[in-house]
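A short worksheet on the structure shown next.
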Amino acid sequence: MRHRPLPMAAAAAALVLASSACGGEDGGDGTRSITVGAIPIVDLAPLHLAVDQGFFADRGLEVEIRNMSGGAQAVPSVASGDLDFAFGNVTSLLVARDAGLPMKVVANGATTTGEQGADVSAIVVPEGSPIESAEDLGGATVAVNNLENIGDTTVRNSVRKAGGDPSEVGFSELPFPDMPAALENEEVDAAWMAEPFLTTSLEAGATEIASNFVDAHPELTMAAYFTSEQALADDPELVADFAAAMEQALAYAASNPEEVRRIVGEYTEIDPTLIEEIRLPQFPPETDRESIRTIADLMEEDGLVDETPDVDALFADAA
């Protein structure tokens, strides 16, 4: 049976657009301090590079990066004002809007490589597992970082495309850093892993059985940086400065993969010997809305939402 968390609307009802947002507090010298929710995975390299290269400082922003498990945890924190911005997968953001927590995408996060067997995340199984493809996941328990997120949504899609029954797959929440050990100890039957933990697990003997993001869309926008509608309305200049810094950082990351690998070694605990082996996502400045519509359709098919989400309304440029 698939384990489901409390509905996001119930879990965050008391947080809906609280007026106590951090709001880029002025440090007294004109510098505005903001807090950004993140995950210690490769996809966040542009955010850390934006700090490292001074892209935020150039716009008068002092950034605190706060790690958490994923978008499902970050959304209520942004809604309450505990975070000004956060990185989250597009499924969590669409689920949030459906639950009455209107999040707005302000910058792209990361995009799949589009290559089967060479993407930045994958479904993996322990060494020697009888599970050989996504079709074999019926009755298995798959670890994902958050439930009702892009991980379990795209895993079910891979199972469906391979000819299996996605309703027979169980899911268990685990933080990304805990997944390699849980898989090696066979605490779960399979795991959806992101880099750098994917390479760590493969080096330890795990087997990759599907590139679930690529199965969904070859140019999938996996995640994005977002804020709340209230924060956007209260301080559009702050949001614009954050978005401009991130756009610059995404371009820098795309042009300097060696800098991506360097910075990953500073905010993750990956073995330095593996840094050159990890797979890097693409970092285009623009999101691919068509790919997000594919995710929205899968969400409706899986019953995460009652009707297909309005993808265009998710973006800060929506009327």
Review point. Under the side chain to side chain donor-acceptor pair (under 3.5 Å) criterion, do E195 and T199 qualify, and how do the steps go?
Key: CA-CA 6 Å; E195 289 285 23; T199 290; 2.6 Å; yes
Answer yes or no: is there a donor N or O on one side and an acceptor on the other, between the side chain of [X] and the main chain of [Y], under 3.5 Å?
X    : Y    : result
S80  : S77  : yes
T308 : D297 : no
R97  : M103 : yes
D84  : T35  : yes
T221 : D288 : yes
E208 : V124 : no
D136 : S133 : yes
T141 : D189 : no
N89  : N149 : no

Revision key, fill the gap. Hits for salt bridge (Lys or Arg N to Asp or Glu O under 4.0 Å) against D241, two or more places apart or cross-chain, chain-then-number order -> R32
Whether [Y] and [X] form a salt bridge (side-chain N of Lys/Arg under 4.0 Å from carboxylate O of Asp/Glu) is what I want to check.
X    : Y    : result
E301 : R160 : yes
D312 : R293 : yes
E259 : R262 : yes

Just wondering, more than 12 heavy atoms not from [X] lying within 6.0 Å of its [atom1]?
X    : atom1 : value
E258 : CD    : yes
E307 : CD    : no
E62  : CD    : no
D306 : CG    : no
E286 : CD    : no

Review point. Within a strict 4.5 Å, meaning less than it, do heavy atoms of the I278 and R261 side chains meet?
Key: yes
Point to revise | Any L137 side-chain heavy atom under 4.5 Å of V142 side chain | key: yes
Review point. Can you name the closest pair of heavy atoms from P309 and L94 and give their distance?
Key: CB-CD2, 3.8 Å
Classify the side-chain pair [X]/[Y] by whether it contains a donor and acceptor separated by less than 3.5 Å.
X    : Y    : answer
S158 : N212 : no
T113 : D119 : yes
S69  : N146 : yes

**Study point:** Result of checking S255, P257, P46 against F283 for side chain to side chain contact (heavy atoms under 4.5 Å, CB included)
**Key:** P46
Review point. In this structure, which one of L232, L314, D317 forms a side chain to side chain contact (heavy atoms under 4.5 Å, CB included) with K104?
Key: L232
Review point. How would you list, by chain and number, every residue that makes a ring-ring contact (aromatic ring centres under 6.0 Å, His included) with H48, sequence neighbours excluded?
Key: Y267
Check your understanding: For F242, which residues count as a ring-ring contact (aromatic ring centres under 6.0 Å, His included) partner, sequence neighbours excluded?
Key -> F56, F85
Exercise for review: Check the pair Q116, D215 against side chain to side chain donor-acceptor pair (under 3.5 Å), reporting the backbone distance first and the verdict last.
Suggested key: CA-CA 8 Å; Q116 288 284 350; D215 285 343; 2.7 Å; yes
Practice item. Measure from the ring center of W192 to the ring center of F197 and say whether it is less than 6.0 Å. Key: no
**Study point:** Gap between atom CD1 of I39 and atom CE of M68 - 0.5 Å precision
**Key:** 9.5 Å
Review point. In the single-linkage hydrophobic clustering (I, L, V, M, F, W, Y; side-chain heavy atoms under 4.5 Å), do V214 and I123 co-cluster?
Key: no
Point to revise | Test log, rule side chain to side chain contact (heavy atoms under 4.5 Å, CB included), inputs V311 and I295 | key: CA-CA 10 Å; V311 170; I295 296 298; over 6 Å; no
